[in-house]
Each structure stands twice: as structure tokens, then as C-alpha cells.
Amino acid sequence: MSQPSQFAVFGHPIAHSLSPRIHQGFAQQFGIALEYRAIDAMPEAFAGAVRAFFAAGGAGANVTLPHKAAALALADERSEAAARAGIANVLTRLPDGRLAAHNSDGAGLVRDLTERHGVDLRGRDALLLGAGGAARAAAWSLLDAGVQTLTIVNRTPETADALADAIGEPARVHTRYWQDLANLGSYDLILNATSAGVLGNGLKLPMSLVGARALCYDLAYGPAAIDFIAWAKAAGARHAWDGLGMLVEQAAAAFELWHGQQPDTEPVYQALRAGI
Ligand code: ATR
């Protein structure tokens with residue numbers, strides 16, 4: 001009998017990663033036997049650990065914090081989404097053994113919003129909080145999905161300006177100062193792509209940002225999203241969602257790259273939702 005294919009997620013810390021569960025759940029749908037490990041790698045050991053994994057026959061890897069920029073840097077080829085975001089969350093082995101970097105986070109976000117939550121993104125005025133890797137991945141995908149305008153606000157304004165410049169659509173993409181949030185009026189769609197919740201720091205956001213029918217979305221999930229969701233609900237948002245669905249959808253996109261099959265994400269999502 002042949003060995004099951006080898007997959008892994010690299011991060012630090014990584015012990016609580018849901019990725020092994022998600023990928024095993026998808027694999028079961030197709031009767032695919034695979035091994036999916038969580039590998040804790042310190043930043044200085046990351047590139048070596050990835051190369052050793054693929055040299056030993058690894059078929060594909062997910063990459064999470066804090067290695068997403070390093071994953072892009074070490075790859076021999078980059079998908080357009082990874083190059084635009086400046087970070088990668090998926091590595092695949094090319095037939096000649098070289099590595100290709102992909103980013104499925106933005107596609108995962110859009111799929112969660114449009115397919116799970118039934119949101120029509122076209123024509124919406126969106127506010128994106130943050131301009132780091134997660135925000136970069138989200139920004140292009142939201143624009144591709146048809147949001148009318150995207151206002152990027154980051155604590156460090158230069159990073160927001162750099163992202164807007166890189167996108168290069170001045171008629172649709174604007175930047176504003178963080179300290180002016182209270183003067184910006186309201187938005188249809190507000191996305192929290194900062195790492196404030198992950199770092200355990202609450203954001204102080206004005207309730208005036210939340211329009212009457214606003215949809216609020218935190219790209220993080222679990223405890224990291226609690227403050228933003230509570231703020232959105234208190235401000236009267238029509239819906240406030242965390243990023244658990246995005247996590248499952250970005251995994252599904254990686255699964256499709258590796259196995260050429262599109263998994264049914266709903267049962268896996270529901271099982272994880274019941275557990276958090
Ligand atoms: P990620 O990969 O999660 O996007 P990142 O690239 O380090 O991580 O980006 C973190 C983002 O969260 C940045 O936009 C950061 O703002 P700065 O560019 O000013 O650092 C934002 N962020 C983190 N903590 C924050 C806080 N307490 N308030 C506001 N923004 C915060």
C-alpha cells in the first residue's frame with residue numbers, strides 16, 4: 001500500500017491550529033488518505049524546515065503567523081494573489097521540485113462573505129481597518145469582487161498609502177487617518193484586518209462608522225474577534241461575523257490546489273463552529 005501524501009502547516013505557535021482538522025475533514029469527503037501535521041518552527045528555522053519537509057516528499061504546506069512573508073520569499077514561483085498580498089499561506093511543490101507560493105486568504109474571505117453569508121459585494125462602500133498582510137490580501141479580492149469604494153485606514157498611515165499606491169485605483173481606493181475615524185461618516189461594510197485582537201489589544205472605534213444596514217467582519221476568529229464583534233453589535237450592525245468561515249474557505253482553496261477537488265466546506269465549518 002502506498003504511503004498517504006504528506007501535508008503540514010508551519011507556524012509559531014501552531015499547537016492550536018485548526019488546519020489539520022479542516023484538511024482531514026475535507027479529505028474524508030473524497031476517501032483521500034493524507035497525513036497533515038502541525039510543525040512549530042521558529043522564524044530562523046522556518047526556511048530550512050520547509051525545505052526539509054518538501055525534500056522528504058511533502059506534497060503541500062500551509063503557512064501561518066509569523067511566516068507568511070518568509071513563505072513568499074523562499075518560493076521559486078508566486079501566484080498573482082501572493083505577489084499582490086506580499087505574503088503566502090500555501091506552498092505547493094512543482095513537478096521539478098521547485099516551490100510555488102499562493103495566497104488563498106483573499107479568495108477565502110470573499111467566498112465566505114458571498115457564499116456562506118449571501119452578501120452581494122458589488123456597489124458597497126467598504127472600510128478596511130489595517131494595512132498589514134491580512135489587509136493586503138483582502139483589499140485586492142474585495143475590489144475584484146466589485147466593491148464600489150475601499151477606504152483603507154491604518155494606525156501607521158504610510159502603510160495604508162503604500163497599499164493604495166500599489167493597488168493603483170485612485171477613483172475607488174482612498175486612505176484616511178486613524179485619528180479621523182470619528183469624522184468619516186458610516187460604511188456598508190467594515191472589515192477588521194488589524195492584528196489588535198490577536199495581540200490582545202482592544203480597538204477603540206467610533207460607533208458612527210456603522211451604517212444602519214452595515215455588515216461588520218473580523219478576519220480573526222475566536223477570542224481575538226470578540227471585542228470587534230461586540231462593538232459592531234453595540235453600534236447596531238445588521239450582521240457581525242468573525243473569520244472562522246474565511247479560515248475554512250482559504251483551506252478549501254488550498255485543498256483544491258493540492259487535490260483538484262472542491263470540498264463541501266459547510267459540514268467542516270459547522271463542526272468547528274460548534275467547538276468554539
Ligand atoms: P497580519 O498578517 O495579521 O496582517 P501584520 O502584517 O503585522 O499582521 O499587520 C498588522 C496590522 O494590524 C497592521 O495594519 C497594524 O497597524 P500598523 O501598521 O500601524 O502596525 C495593525 N494593528 C496592530 N495592532 C493594532 C492596534 N492596537 N491598533 C490599530 N492597529 C493595529
Side-chain angles (χ1 to χ4, degrees), residues 9-14 16-19 41 43 46 62-74 78 81-91 101-110 112 126-142 150-167 173-182 184 187 190-207 209 216-232 242-244 246-247 250-251 254:
V9 56
F10 290 83
H12 179 73
I14 197 65
H16 299 294
S17 171
L18 297 174
S19 291
F46 169 71
N62 282 124
V63 180
T64 188
L65 299 178
H67 303 313
K68 288 184 174 187
L72 185 75
L74 70 73
R78 306 161 165 201
R84 292 190 310 187
I87 58 172
N89 68 324
V90 185
L91 292 169
H102 310 263
N103 191 310
S104 63
D105 285 331
L109 168 67
V110 166
D112 188 42
L127 173 66
L128 181 63
L129 301 170
R136 293 180 69 90
W140 266 280
S141 295
L142 290 167
L150 183 70
T151 300
I152 307 168
V153 182
N154 193 46
R155 183 178 60 180
T156 306
E158 294 78 13
T159 319
D161 289 340
L163 174 53
D165 286 349
I167 293 169
V173 180
H174 316 287
T175 60
R176 296 284 182 267
Y177 289 117
W178 191 272
Q179 58 268 30
D180 290 342
L181 280 172
L184 297 189
Y187 290 84
I190 302 174
L191 299 116
N192 179 23
T194 75
S195 56
V198 175
L199 298 172
N201 304 321
L203 290 176
K204 292 206 174 18
L205 299 171
M207 293 198 177
L209 289 171
C216 294
Y217 193 103
D218 197 319
L219 275 65
Y221 62 91
I226 287 173
D227 281 355
F228 178 80
I229 303 273
W231 165 80
D242 72 5
L244 185 68
M246 175 181 170
L247 176 80
Q250 66 74 28

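In each ligand, atom 1 is the first atom listed, and ligand 1 is the first ligand listed. Computation of the quantities below employed the complete heavy-atom set of this structure, encompassing side-chain atoms and omitting hydrogens, waters and symmetry-equivalent molecules.
Side chain of Trp231 to main chain of Leu205: a donor-acceptor pair is present (N/O by atom type, distance under 3.5 Å, no hydrogens or angles). Panel note: side chain Asp218, backbone Phe228; no donor-acceptor pair is recorded below 3.5 Å. A distance-only check finds a donor-acceptor pair linking the side chain of Asn89 to the backbone of Ser104 [under 3.5 Å].
Here's the thing with Ala134: one of its N/O atoms is less than 3.5 angstrom from an N/O atom of ligand 1. Ligand 1 has a nitrogen or oxygen under 3.5 angstrom from a nitrogen or oxygen of Arg155. Inclusion of Gly133 in the set of residues having an N or O under 3.5 Å from an N or O of ligand 1 is warranted.
Residue Leu203 touches ligand 1 through its side chain alone, judged by heavy-atom distances below 4.0 Å. Under 4.0 angstrom from ligand 1, the non-hydrogen atoms of Ala131 all belong to its backbone.
Put simply, atom 7 (O) of ligand 1 has no protein non-hydrogen atoms near it, under 4.0 Å away.
For atom 18 (O) of ligand 1, the nearest non-hydrogen atom from the set Thr159, Leu199, Leu128, Asn154 belongs to Asn154.
Shown in contact with Thr156 at under 4.0 Å from a heavy atom are these atoms of ligand 1, numbered in order with element: 17 (P), 18 (O), 19 (O). Atom numbering of ligand 1 starts at 1 in the shown order; those under 4.0 Å from a heavy atom of Gly130 are 14 (O).
Annotation: atom 9 (O) of ligand 1 to nearest protein heavy atom, Gly132 CA, 3.4 Å. Among all protein heavy atoms, the one lying closest to atom 21 (C) of ligand 1 is Thr194 CB, 3.7 Å. The protein heavy atom nearest to atom 12 (O) of ligand 1 is Ser195 N, 3.0 Å.
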Derivation and outcome, side chain to side chain contact (heavy atoms under 4.5 Å, CB included), residues Lys68 and Asp105: CA-CA 11 Å; Lys68 288 184 174 187; Asp105 285 331; 2.9 Å; yes
Worked check of side chain to side chain contact (heavy atoms under 4.5 Å, CB included) between Trp140 and Leu163: CA-CA 10 Å; Trp140 266 280; Leu163 174 53; 3.6 Å; yes
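For the side chain to side chain contact (heavy atoms under 4.5 Å, CB included) criterion with Leu127, the lone passing option out of Leu150, Leu191, Asn192, Ile190 is Ile190.
Val90 and Ala254 make their closest contact through CG2-CB, 3.8 Å (heavy atoms, listed as atom of the first residue, atom of the second, distance).
Checked against a 6.0 Å centroid threshold, the rings of Phe46 and His67 count as neighbours.
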